[in-house]
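The first residue in the sequence is number 1, and the count goes up from there.
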Amino acid sequence: MRSLFSISLGTMAGWQLDWLTRRSVGQYRLLGTSERQVPNFQTRQQTREQRKRAIISALILAMILALLSFVAVTVAPTLGRYNPPTGGGAGGCDSPENGFWCEPGIAHSWGQYSPYFTLGYQDLDVPKVPKGCEITFAQVLSRHGARDPTAGKSLVYKTLIDNIHRSVTSYGPGFEFLETYTYDLGSDQLTPFGERQMINSGIKLYTQYQDLARDAKNNPPFIRSSGQQRVVESAEKFMQGYHSTLESDKKNRATPSFPYPILAIPESADSNNTLSHGLCKAFESPDSPYSSTGSQAQATYASTFTPHIMSRLNQNLPGYNFSSSQDVISLMDLCPFNTVAAQQPYNAAEAKVLLSPFCYLFTVDEWKKYDYYQTLGKWYAYGPGNPLGPTQGVGYVNELIARMTARPVVDRTSTNSTLDSDPTTFPLDRALYADFSHDNDMVSILGALGLYNLTGLTLSNTTRMEEKDTGGFSARWTVPFAGRVYFEKMRCDDSAGEKELVRILVNDRVVRLRGCGADELGRCTVDEWVESLGFARGGGEWDRCF
């Protein structure tokens with residue numbers, strides 16, 4: 001809409017000049033200096049009248065265009081699909097409703113290291129709750145908030161910085177900060193920014209499903225977490241945001257005691273845990289062909305875009321020879337990790353975004369390629385591109401089916417039968433659930449659900465593909481820091497026989513369900529959706545694990 005009604009002042013000025021030099025033959029063109037003649041008195045009078053009419057016409061046109069622009073900006077977003085949010089303002093870059101929206105050209109191109117940002121403006125043109133419908137069940141599956149690098153990656157990054165300091169003889173324009181930069185990031189832990197993300201996520205769940213959340217019988221939500229510290233802490237911060245919103249809601253009828261109980265499931269190698277893979281030996285073994293498919297695809301793609309970057313880095317950092325694609329990727333990694341290590345990557349007093357200076361060593365186009373590099377890693381290591389990837393998510397999908405249908409779990413893969421058979425540790429009578437996990441596990445779960453299983457879809461490892469070509473799959477669109485999937489059941493006035501419908505939102509984007517005859521809003525009836533999940537109900541490829 002904006003593009004249809006935008007007009008530059010230069011264009012308007014040109015139109016006015018054209019009108020002022022209109023010829024009797026009905027043509028419009030600017031007069032050259034040689035064509036100008038001194039008019040007589042009558043001609044001057046006519047010229048004044050023409051000029052006056054032209055100015056009035058221009059003013060009227062400008063007013064009309066301003067009105068149309070106002071409509072485009074303020075009204076059009078409410079007519080269905082809305083425009084992307086923007087960052088800044090009193091809330092800084094990150095908000096409960098929209099996530100991180102400052103410098104999206106860079107910050108939304110970090111793959112799984114991107115901070116969560118809403119995709120609610122994408123694709124299916126639907127309201128939060130369709131008219132005539134009531135949400136009867138909501139479950140969130142969330143990745144933990146932003147964290148420090150893993151211990152192994154921290155060692156790699158520190159070594160790279162130490163080698164640069166030891167070898168580089170001078171620092172080019174824009175690279176000067178590296179001379180005094182000290183690598184002091186922690187490892188594996190939730191950052192203060194990540195904590196804030198999870199508080200915001202809890203706030204959002206309450207406000208998004210407040211009709212359920214206000215009901216005393218639905219509180220507190222049943223919360224599970226994979227056992228790693230940053231995941232448990234993410235669940236705790238989420239709970240904090242949820243509870244603070246509940247307490248401030250004057251219409252709330254629930255008074256649950258705080259803190260809420262969290263069922264933390266160990267991540268040890270021999271533990272059955274649907275929130276953390278680890279049991280499938282053929283998938284986990286470093287000698288397995290399935291363990292290297294992601295890194296192989298990434299290496300091939302990196303060779304197509306990192307050589308040009310290496311050349312620029314070597315020119316600006318003489319003395320250190322960038323000859324490895326992995327060195328380039330590691331230097332790019334330091335952009336998101338240094339940014340999310342900040343308490344808040346936004347200075348409200350100066351209205352200034354505080355992305356790490358590492359971010360500006362690379363172009364927006366290079367960040368897009370970096371993002372696709374990360375997407376290939378997820379697709380071919382844990383997603384549909386790996387023959388055993390989706391199988392790692394089968395257990396969770398079967399637990400989801402149990403909750404959706406209020407029937408016992410039927411599974412022979414990674415579920416914990418002791419926990420799942422006990423109503424205390426796996427209740428089936430709740431309307432609100434929250435699970436917390438990792439990015440890799442979530443990619444496998446999305447694969448087991450078949451949400452991105454387009455016929456014949458293969459992600460190219462030589463040419464970058466956009467989400468419109470991948471069925472909506474990318475690392476940034478599915479598993480950013482604090483990314484989440486909402487599973488909903490709803491009952492609608494127009495649903496045949498009052499059957500409940502299933503809808504799935506990935507980072508607020510409605511993803512059309514596949515294989516179950518989805519309606520125009522991407523939904524299926526519960527029975528048809530369960531029937532479509534034959535891969536998960538049949539155990540996937542679990543027999544190939546041992």
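- In this structure, the side chains of Cys280 and Leu388 come closer than 4.5 Å at one or more pairs of heavy atoms.
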(request) Decide salt bridge (charged side-chain N to carboxylate O under 4.0 Å, His left out) for Arg523 and Glu488; before the verdict, give the C-alpha distance in whole Å, the side-chain angles of both, and the deciding distance to 0.1 Å. (result) CA-CA 10 Å; Arg523 308 168 300 178; Glu488 301 174 342; over 6 Å; no
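- For Arg253, the CZ atom sits in a packed shell: over 12 heavy atoms of surrounding residues, nucleotides or ligands are nearer than 6.0 Å.
- Using modelled atom types, one finds a donor on one side chain and an acceptor on the other under 3.5 Å when comparing Thr424 with Asp422.
- Separation of atoms CG (Asn200) and CD (Glu195) is listed at 12.0 Å; rounding is to 0.5 Å.
- His144 and Arg230 share a donor-acceptor pair across their side chains, judged by distance under 3.5 Å alone.
- With contacts defined as side-chain heavy-atom distances shorter than 4.5 Å, the pair Thr136/Met490 does not qualify.
- Under the 6.0 Å cut-off for aromatic ring centres, Tyr206 and His243 do not qualify, their centroids lying 6.0 Å or more apart.
- Ring pair Trp379/Phe473: centre-to-centre distance below 6.0 Å.
- Aromatic ring centres of Phe137 and Tyr433 lie closer together than 6.0 Å.
- Inter-residue side-chain proximity for Phe436 and Met198 is flagged as met; some heavy-atom pair is nearer than 4.5 Å.
- Annotation: ring-ring contact (aromatic ring centres under 6.0 Å, His included) contacts involving residues 384-409, sequence neighbours excluded, are absent.
- Checked against side chain to side chain donor-acceptor pair (under 3.5 Å), Arg403 has the following partners two or more places apart in sequence or in another chain: Gln139, Asp435.
- Side chains of Arg503 and Lys489 form no contact here, defined as non-hydrogen atoms less than 4.5 Å apart.
- Taking the six-membered ring for Trp, Tyr372 and Tyr301 have ring centres closer than 6.0 Å.
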